[in-house]
Amino acid sequence: MKTNLSSQIKLEHVPRRYYDPQGEIELTSLTREEKVYTRIFETVGGGSDYLAEEIVKYINRNIAKKGKCIIAFGSGVSVDSTYSSLIRMHKEGKVSFENVIVYSISEFFPLLPDGPSTLKRLREVFLNHVDIKEENIRTFNPDVTKEDMFQHCKAYEKQIADEGGLDLTVCEIGPSGSLAFNEPGAPESSLCRLVLLSNESRHNVANDYSCDEVPTTAITLGIANLLGADRVLTMAWGENKAHIIKKTVEEPANANVPASFLQSHAHAKVVVDLPAAEELTRISHPWKVTSCEWTDKLIRRAIVWLCDQTGKPILKLTDKDYNDHGLGELLALYGSAYNVNIKIFNDLQHTITGWPGGKPNADDTYRPERANPYPKRVIVFSPHPDDDVISMGGTLKRLVDQKHDVHVAYETSGNIAVGDEDMMRYVILMDGIAKQFGFETPEFLKKSKEIHEFIAGKTSGEMDIPDIRFLKTKIRQGEARIACQYIGVKPQNVHFLNLPFYETGTIKKGDLSEADIKIVRDLILSVKPHQIFVAGDLADPHGTHRVCTDAVFAVIDEQKDEEWMKDCRIWMYRGAWAEWEIDHIEMAVPISPEELRFKRNSILKHQSQMENAPFLGDDDRLFWQRAEERNRGTAQLYHNLGLASYEAIEAFVEYHPIRD
């Protein structure tokens, strides 16, 4: 059973020489846009092993030189794989930590009895597994008061200085470009201090530390402290870090991206995997720094970029445009701008279809979906009970209207995303009608009282009692049924899978297991679909969307050699926050103004997910607004390239089962 297949998806082939150049000349050419030394590895494992080897090298060198090595270690989850490599190397006898002095980079304040602790986590994932001496572990005093905080921070800095200063800093680069808890706005001169944690940081901590209650403040070494070390090693993994790595490595240093101050350190290194590096120039726009190995997708990306640079649609690009922007290689390959323009224009034109299930009795040579069989059996997998309409509501309606046998499978209950106010609205309604409708029984009155009392005394982060979780599940199921009914999905084709990994009652979810996969397998085998639609939000390795997609991919992997599966196509959609890049889009479904309004109304059926939903995030837009702006943006991009002008477009990428 393979439960992490989404992590193996590679939307394009990146030539090895782009991220692992051989020779100083090629390295210098490829990295000329980069302002800090950056190493790119194909996998997290490769990058983590490299970091561990570097740490071991610095430890052994400093111990040989002065008898000790002083390191400031971070405790973010991105560092975990490096710590695992260090533990392995320690067990292999390649390094001893007996003469290593460790300083905590940060700690939460105040330290709650059952709350998160960076030192506790550092011990669990690393320090408890090596031979470090207890007296060599330095951290902040958990009993310090706010009144004494300034002096305590100064004393912490003095302790580091008195021991000779830091030899090495090891920490991750956060999603917003933070180093430790130095969040956007932290100046390069910042020192050890108490900081206020942003909502995003607290949400990340809640996930990373498996806790519901997170302090609002923390103590952290400042940028100047971290960069005061002789060597600095930082890392970032995954697609969700790509945007900030671009800012950190290539754009001018500024306080809005604290990690960008690494550029001022002579011996700083940024280590990333390929997904985190995908926006760096040598990966995303290699024609700007080297000769390219041209593929159809890379050509499409280059032409879309050229259109943006020139402000022209594809068919108006000239030989001069290509030459002026460093794309003369394409002219040599294709003979003229016209030939390249026509190729890419046709490629993009062929992605557009008003028949997402395939057009019956039509020539499907240049269509993204095959004409037969018709009608098709279709399963739309929705991680939460609204992702289907948010992400592909227009396409879903089109599939139903075109007479396909459409099933919608809601993989999780989504109950944790129902606010207490929305839930109490239904409880108060039941209280008011209980007598009239004949269910004012002692059992109901007892449960109603328990719910009222629990909500009245509920503390931040406290797990809901089972009856409340049940009600919140039913609220989301009811909303989903109404939305499906509005679209036209048959009631018997609406499935609530309630995958067990989600049902922890807390923000932190369990791991994907055979129990989850069996539920998905049973549905897929009962339908044997010709099309499967799944969430393609691959950026967050711990997110519900990715876990749900992995469950579907695990079943696809098991069944990939079956005859019915060979006739099944799998399409990945994306959610309210992002869209597929145009060079990856393989099916683009246009949505008319009327269909877009219909999609909005479908989303609005999920009333509990409007203003009061707990996980709207820092984006002030409601889900329907995010979806509409994203779909309109995709349509505008196609229009800017010279293709037909549509109100909106939903986009999809095909998933091909991975072959060993």
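All values reported here derive from a predicted model rather than from experimental measurement. The figures that follow rest on heavy atoms only: side chains count, while hydrogens, waters and symmetry mates do not. Residue numbers count from 1 along this sequence.
Between Arg569 and Glu654, the closest side-chain pair of non-hydrogen atoms falls below 4.5 Å. At least one side-chain heavy atom of Leu497 sits under 4.5 Å from a side-chain heavy atom of His495.
Phe652 and Phe533 have their aromatic ring centers within a separation under 6.0 angstrom. Aromatic rings of Phe623 and His606 (six-membered ring for Trp) have centroids beyond the 6.0 Å cut-off, not under it.
Between atom CG of residue Asp386 and atom CD1 of residue Ile603 there is a gap of 8.0 Å, rounded to the nearest 0.5 Å. Taking CH2 of Trp355 as the start and NE2 of His404 as the end, the distance is 7.5 Å to the nearest 0.5 Å. With rounding to the nearest 0.5 angstrom, the CD atom of Gln607 is 8.5 Å from the NZ atom of Lys605. Atom OH of residue Tyr410 and atom CZ of residue Arg481 lie 9.5 Å apart, to the nearest 0.5 angstrom. Atom CD1 of residue Ile487 and atom CD1 of residue Ile482 lie 12.0 Å apart, to the nearest 0.5 angstrom. Separating the OH atom in Tyr366 from the OG1 atom in Thr353 is a distance of 15.5 Å, to the nearest 0.5 Å.
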Hey, mind stepping through Arg282 and Glu34 against salt bridge (Lys or Arg N to Asp or Glu O under 4.0 Å) and telling me if it holds? CA-CA 9 Å; Arg282 56 171 148 153; Glu34 299 171 14; 2.6 Å; yes

Would Glu183 and Ser178 satisfy side-chain hydrogen bond (donor to acceptor under 3.5 Å, both in side chains), going step by step from the backbone distance to the final call? CA-CA 5 Å; Glu183 299 188 345; Ser178 60; 5.9 Å; no

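Taking the charged nitrogens against the carboxylate oxygens, Arg300 and Asp347 have no contact shorter than 4.0 Å, which rules out a salt bridge. With salt bridges taken as basic N to acidic carboxylate O contacts below 4.0 Å, none links Asp364 and Lys359. Of the charged side-chain nitrogens involved, at least one lies within less than 4.0 Å of a carboxylate oxygen, so that Arg600 and Glu628 count as a salt-bridged pair. Remark: Lys316 does not engage Asp321 in a salt bridge, criterion side-chain N to carboxylate O under 4.0 Å. A salt bridge is absent between Glu279 and Lys247: the closest approach of a Lys/Arg side-chain nitrogen to an acidic carboxylate oxygen does not fall below 4.0 angstrom. The pair Asp296-Lys343 meets the salt-bridge criterion, with a side-chain N (NZ, NE, NH1 or NH2) lying under 4.0 Å from an Asp/Glu carboxylate O. Remark: Asp422 does not engage Lys472 in a salt bridge, criterion side-chain N to carboxylate O under 4.0 Å. Note on Glu595 versus Lys599: no salt bridge recorded, every NZ/NE/NH1/NH2 to OD/OE distance being 4.0 Å or above. Ion pairing between Lys560 and Asp557 holds under the 4.0 Å rule for side-chain N and carboxylate O. Salt bridge status for Lys376 with Asp567: absent, with no side-chain N to carboxylate O gap under 4.0 Å. Salt bridge annotation for Glu647-Arg632: present, with a cationic side-chain nitrogen under 4.0 angstrom from a carboxylate oxygen.
A donor-acceptor pair shorter than 3.5 Å can be found between the side chains of Ser608 and Glu479. In summary, the side chains of Tyr19 and Asp273 do not present any donor paired with an acceptor at a separation below 3.5 Å, with no hydrogens or angles considered. At a cut-off of 3.5 Å, with distance as the only test, a side-chain donor of Gln531 or Glu369 sits close to an acceptor on the other residue. Using modelled atom types and a 3.5 Å distance limit, the side chains of Asn415 and Glu503 yield a donor-acceptor pair. For the 3.5 Å distance criterion, the side chains of Ser78 and Glu172 qualify, holding a donor opposite an acceptor. There is no side-chain donor-acceptor pair under 3.5 Å between Ser592 and Tyr646.
Listed here is the closest heavy atom pair of Ala255 and Pro258: O-CD, 3.6 Å. Considering all non-hydrogen atoms of both residues, Val527 and Arg377 come closest at O-NE, 2.8 Å. What you find for Pro356 and Gln402 is that their closest heavy atoms are CD-OE1, 3.7 Å. Across all non-hydrogen atoms, the minimal contact from Cys548 to Thr412 is SG-CG2, 3.8 Å.
Classification of the Tyr486-Phe598 ring pair by plane angle, with boundaries at 30° and 60°, yields parallel. His545 and His384 have tilted rings, their planes meeting at an angle from 30° to 60° on a 0 to 90° scale. In this structure, Tyr655 and Phe553 have parallel ring planes: the angle between them is below the 30° cut-off, well short of the 60° mark.
Not one N or O on the side chain of Asp401 forms a donor-acceptor pair closer than 3.5 Å with the backbone of Arg398.
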